[in-house]
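Data block below; observations after.
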Amino acid sequence: MSEATTYIAKVRDEIVSRDPNQPEFLEAIDNFFNSITPVLEKHPEYIKANLLGRLTEPERAFQFRVPWVDDAGNVQVNRGFRVQFNGAIGPYKGGLRFHPSVNLSIVKFLGFEQIFKNSLTGLPIGGAKGGSDFDPKGKSDNEVMRFTQSFMTELQKHIGPDLDVPAGDIGVGAREIGFMYGQYRRLNGYQAGVLTGKSLQFGGSLARTEATGFGLLYYTAAMLKDQGETLEGKTIKLSGAGNVAIYAAQKAAELGATVLTASDSNGYVYDPNGIDYKIVKQIKEVERGRIKDYADRVATATYYEGSVWDFDVDYDIALPCATQNEIDGGRAARAIQNGAKIVNAGANMPCTPEAVKAFKQAAVIVGPAKAANAGGVAVSALEMSQNSERLSWTFEEVDQLLKRIMEDIFKESAEAAKTYGLGNDYLAGANIAGFKKVAEAMMAQGVI
Ligand code: NAP
């Protein structure tokens, strides 16, 4: 065993003994550690500085009570979280997730990934994540407002435009951001740059809503270009029907591909003629309905219950855009049988370690979340710039910058993989490229 391998095993053991019940966090750590050995071999000074020991421990983590009153007058209590993981290269930045599954392990996994994603954008932003186990599904607008106001009443103590700038994630869209921004402003006065993903009337950026989905397709197009191909005529299996999925479906269609499926947590629709993103948008964003409703409106679409990854249809590219670990080893084997050549992550950590291994063995290319879905946070950082300048850029300006950032992320990850002799292992490439800048910043700033 090399010094680097021994060191990585030691840090991992410490993490497991400190937090034995955080499986998602450990999975994210393993994904990262599996790629980083060659960098440590080249930089023994990182081992001496115990860089990984410091990097895997959040700079700060908050957990707080969120009491609120439901429409029936009952007092409900949820749990709120914010993990400010690493601020070496800029203010903490990362979304808030409202979903019943949210716990410290999930927030830490997301916050850890966010460090490298944010670094890859080339913009000066540190990594953070937060959220609550509150479930917005089935709640009235008034309930969502009372909950988010209570949530922000505590969170506002810890955030600020130069300190920590949250955004949306699962269950947190324009409505929730609007309520949270309102409560922050009520308590602290006007500070546009404290949240991103805001609506356009109060400091939001054009193209932020579309950014993660569009960015995923710009990244995919860059990957295909590297192989001398384009999206024209390609078939895509897409999961999710939320913010990322809707705009991924739009851009895929604009670039000439056919999106065969869309899904939510109950089931999925299959349409061989291609999913119409406008109908999904109307159902999910306006009516707050279920993906099942799509099949009631589109004659060529069929609805099935269960996971879209258990459905057999031939396709070229998988774009998981729902949630973590949606593709396990068995589903990966199925994707390979169905002809998938590329799996690019719109969701964070959508493939289990077994799935990643199966794809690697079958020479299916995997674009990891920290690279493929970095478009959202990149445009969030551009929203921060516009807020500081008190200017609004045009849709085209932001979209062009987003495209360039996604192409650069692909290029940097590919180059890092090549430098370390890892071929087209873009997962390792993204880890290495994202780590480099953070590591150099941490080394320069001393033991803090
Ligand atoms: P969203 O708008 O809330 O949509 C999430 C979608 O995924 C919904 O269709 C939801 O179905 C489905 N879903 C959620 N949990 C699921 C589960 N356990 N099983 C099956 N389906 C599930 O969220 P989003 O913003 O699109 O985020 C989707 C993914 O992208 C997440 O992993 C998020 O971390 C990642 N991401 C988002 C952004 C961003 O800018 N929004 C940026 C980077 C990464 P239901 O409606 O039934 O819940």
Side-chain angles (χ1 to χ4, degrees), residues 24 28 93-102 106-107 109-111 113-114 117-118 120-121 127 129-131 134-139 166-177 195-197 204-205 207-216 219 238-249 261-269 275 277 280-281 283-285 287-294 305-310 319-328 331 344-351 367-381 383 402 406:
E24 293 86 2
K93 180 96 198 81
L96 297 168
R97 176 178 290 192
F98 293 168
H99 192 272
S101 63
V102 167
I106 289 192
V107 177
F109 119 62
L110 290 164
E113 290 269 305
Q114 197 79 38
K117 181 184 307 191
N118 292 2
L120 277 171
T121 66
K129 202 82 187 188
F134 173 77
D135 187 358
K137 242 184 274 158
K139 304 287 191 305
D169 190 76
I170 291 179
V172 179
R175 174 182 60 171
E176 291 75 17
I177 293 284
L195 285 171
T196 60
S205 172
R208 171 61 187 93
T209 311
E210 294 84 353
T212 311
F214 277 23
L216 175 65
Y219 176 88
L238 174 101
S239 67
N243 174 266
V244 180
I246 289 170
Y247 298 100
T261 57
S263 71
D264 62 20
S265 48
N266 296 111
Y268 57 94
V269 284
I275 296 287
Y277 83 92
V280 181
K281 191 168 143 77
I283 292 170
K284 297 299 277 189
E285 283 185 359
E287 299 166 22
R288 297 194 185 276
R290 309 302 300 157
I291 199 66
K292 185 177 189 295
D293 306 342
Y294 187 96
E305 284 188 355
S307 167
V308 70
W309 303 113
D310 294 332
L319 297 180
C321 295
T323 195
Q324 65 273 1
N325 292 331
E326 53 181 297
I327 305 180
D328 60 15
R331 289 173 177 169
N344 282 347
N348 283 309
M349 206 166 75
C351 301
K370 49 176 79 74
N373 74 23
V377 74
V379 173
S380 273
E383 183 175 330
L402 168 66
M406 297 313 296

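Note that ligands are numbered from 1 as they come in the structure, with each ligand's atoms numbered from 1 the same way.
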F98 and F134 aromatic ring geometry - parallel, tilted or perpendicular at 30°/60° bounds
perpendicular
Contacts of type side chain to side chain contact (heavy atoms under 4.5 Å, CB included), residue I106, not counting sequence neighbours:
E24, R97, S101, N103, F109, L110, Q324
Check side chain to side chain contact (heavy atoms under 4.5 Å, CB included) between A374 and all other residues, then give those that pass, not counting sequence neighbours.
K117, T121, I409
Side-chain donor or acceptor of R208 paired with backbone N/O of G376 under 3.5 Å
yes
Is there a side-chain contact between I291 and N266 (heavy atoms, below 4.5 Å)?
no
Heavy-atom cut-off of under 4.0 Å around ligand 1: list whichever protein residues fall inside it, by chain and number.
R97, H99, K137, D169, I170, G171, R208, T212, G240, A241, G242, N243, V244, S263, D264, S265, K284, R290, C321, A322, T323, G346, A347, N348, N373
Would you please name every residue forming a side-chain hydrogen bond (donor to acceptor under 3.5 Å, both in side chains) with K93, sequence neighbours left out?
T196
